[in-house]
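Only heavy atoms go into these numbers, but all of them, side chains included; no hydrogens, no water, no symmetry mates.
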Amino acid sequence: MPQPETNQPNQALPPQLVVLQMATGYWVSQSIYVAAKLGIADLLKDSPKSCDELATATGTNAPSLYRLLRALASLGVFAETQPNHFTLTPLAACLQSDTPNSIRACVIMQGEQYQAWGEFMHSVQTGGSSFEHIYGMNIFEYLAQNPESAKIFDESMTNLSVIQSAAVAASYDFSSIQTLVDVAGGEGLLIASILKSNPTLKGVLFERPYVIERAKRFLEAEGVLERCQLAAGNFFESVPEGGDAYILKYIIHDWDDERAIAILKQCHNVMPANGKILVAEQVIPPGNEPFMGKLLDLNILVITSGGRERTEAEYRALFEKAGFKLTRIVPTQDEISIIEGIRV
């Protein structure tokens, strides 16, 4: 008589162990952060190395570094090829500095925001930013005073934009637009992706003054500078004229309703009748299904002063107060969506 298979899937863990695994998730996140901050993946890009070599290069304690890498290897981040020697894995390769799929800056930024998460109770009890509670200033004031953190923040936004910009460019039909203004578009990855996909489109990149020079070099390297003007300023004061559509990716979620409406109104003030507003954000769905935006919303609560991820109904209300009619929400292959509005 045939015997039953013995390699059946493991039974589900008891609820208390599932919750315990969730509660200790920061053990993993902080371990990945330390490895990213130390640049371990960059040191391993050409060949495996011993933990002693890695410790010498990073100025760390070799036995402690070994314990870190052993734990990460058990999760598929790095691999121990022989005793005390480690190599890259596909997951670890994402922690390199200069690769197309790098998320090193994102990991470092999240790791360094961990102190603010340590005061999460403050945000839940008061509704205020625990980051601001700790540092006495909002995240943008802090970045203005801390150039190294600002550099990591900008690099992190670029890391994220590699995937998201391609998804936005591929998911929305820009063919009816003549000039697209990218409001607070960083170094220009989004507008470059859209311009390359739409050869007749013209663009304007609007950013803080200190970002503009880097953006110019990036857009030139991407081959779209001739079709993209650069403008510097503050979106609470004004945005450039001349666009028949304005796009804002991961901007509105940083602000409370009052300031979000103020930003949208600046776009409304300068666009023609029937001009379009395109807001690229994660739209919180109803129900209990997992959605990254629900956790991102908590990070926004911790880090910003009043920012939030929003539902379709909440975006519809914002648009109406700023003088727009929400016409549709276009999903992308990423969890980000394009919320389209028409000036009324």
Side-chain angles (χ1 to χ4, degrees), residues 5-114 117-118 152 155-164 166-167 282 289-296 298-299 333-336:
E5 293 287 341
T6 58
N7 58 342
Q8 296 297 312
N10 292 331
Q11 296 296 313
L13 291 173
Q16 65 269 30
L17 291 184
V18 173
V19 174
L20 183 60
Q21 284 189 347
M22 292 178 178
T24 55
Y26 71 93
W27 295 358
V28 176
S29 63
Q30 286 297 291
S31 295
I32 296 173
Y33 157 68
V34 171
K37 183 76 171 180
L38 292 173
I40 300 295
D42 286 339
L43 295 172
L44 294 175
K45 65 180 180 180
D46 295 323
S47 64
K49 287 184 172 59
S50 72
C51 209
D52 290 338
E53 291 176 284
L54 295 171
T56 298
T58 57
T60 55
N61 176 265
S64 298
L65 183 61
Y66 174 76
R67 292 162 70 178
L68 168 66
L69 296 180
R70 177 180 62 185
L72 289 175
S74 75
L75 301 171
V77 184
F78 305 107
E80 189 171 10
T81 55
Q82 56 178 301
N84 206 46
H85 286 69
F86 290 89
T87 191
L88 291 177
T89 62
L91 295 181
C94 298
L95 300 179
Q96 294 179 93
S97 298
D98 298 316
T99 58
N101 63 343
S102 173
I103 56 166
R104 180 174 182 251
C106 295
V107 169
I108 292 173
M109 183 182 74
Q110 295 302 326
E112 293 182 348
Q113 290 177 356
Y114 174 74
W117 269 90
I152 290 294
E155 289 176 358
S156 176
M157 295 302 100
T158 299
N159 286 173
L160 291 173
S161 285
V162 169
I163 298 172
Q164 294 162 349
Q282 295 194 30
E289 291 301 312
F291 183 70
M292 184 62 181
K294 296 176 182 178
L295 294 174
L296 177 60
L298 297 182
N299 193 56
Q333 294 179 345
D334 191 67
E335 290 188 315
I336 198 169

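V162 is not listed as a side-chain neighbour of N101, based on a closest heavy-atom distance of 4.5 Å or more. Under the 4.5 Å side-chain criterion, counting only non-hydrogen atoms from C-beta, L20 is not in contact with Q16. A 4.5 Å side-chain heavy-atom check between I108 and E155 finds every atom pair outside the cut-off. Side-chain contact between L72 and I40 is absent, with no heavy atoms from C-beta onward closer than 4.5 Å. When side chains are defined from C-beta on, T81 does not count as touching F86, because their heavy atoms never get closer than 4.5 Å. The shortest side-chain heavy-atom distance between L69 and L54 falls under the 4.5 Å cut-off. A heavy-atom distance below 4.5 Å is found between the side chains of N299 and W117. Under the 4.5 Å side-chain criterion, counting only non-hydrogen atoms from C-beta, V77 is in contact with L95.
S29 contributes a side-chain N or O that, together with a main-chain N or O of Y26, makes up a donor-acceptor pair within less than 3.5 Å. Side-chain atoms of S74 come within 3.5 Å of backbone N or O of A71 as a donor-acceptor pair. Judged by distance alone, the side chain of T89 and the main-chain N or O of G76 form a donor-acceptor pair under 3.5 Å. For S102 (side chain) and D98 (main-chain N/O), no donor-acceptor pair under 3.5 Å exists by modelled atom type. Using modelled atom types, no side-chain atom of Q113 and backbone atom of Q110 make a donor-acceptor pair closer than 3.5 Å.
When every heavy atom of Y33 is checked against every heavy atom of V107, the shortest pair comes out as CA-CG1, 3.7 Å. Closest non-hydrogen pair, R104 versus N159, comes out as N-OD1, 3.7 Å. T87 approaches P48 most closely through the heavy-atom pair OG1-CG, 3.8 Å. Heavy atoms only, all atoms of each residue included: A35 and L68 are closest at N-CD2, 4.4 Å. Among all heavy-atom pairs drawn from A73 and E80, the shortest one is CB-N, 4.2 Å. Nearest heavy-atom pair, C51 versus A62, reported as atom, atom and distance to 0.1 Å: SG-O, 3.7 Å.
Atom CD1 of I152 sits about 11.0 Å away from atom CE of M157, to the nearest 0.5 Å. Of the inter-residue distances, the one linking T58 atom OG1 with D42 atom CG reads 12.5 Å to the nearest 0.5 angstrom. Rounding to the nearest 0.5 Å places CD of E335 at 9.5 Å from CG of L296. H85 NE2 to S47 OG: the interatomic distance, rounded to the nearest 0.5 Å, is 9.5 Å. The distance from the CD1 atom of I336 to the CE atom of M292 is 12.5 Å, given to the nearest 0.5 Å. Within the model, atoms OH of Y66 and OG1 of T60 stand 14.5 Å from one another, a figure rounded to the nearest 0.5 Å.
K45 NZ: 12 or fewer foreign heavy atoms inside a 6.0 Å radius. Within 6.0 Å of CD in Q333 there are 12 or fewer heavy atoms belonging to other residues, nucleotides or ligands. For I163, the CD1 atom is loosely surrounded, since the number of other residues' heavy atoms within 6.0 Å does not exceed 12. No more than 12 heavy atoms of other residues, nucleotides or ligands shown are found within 6.0 angstrom of CD on E289.
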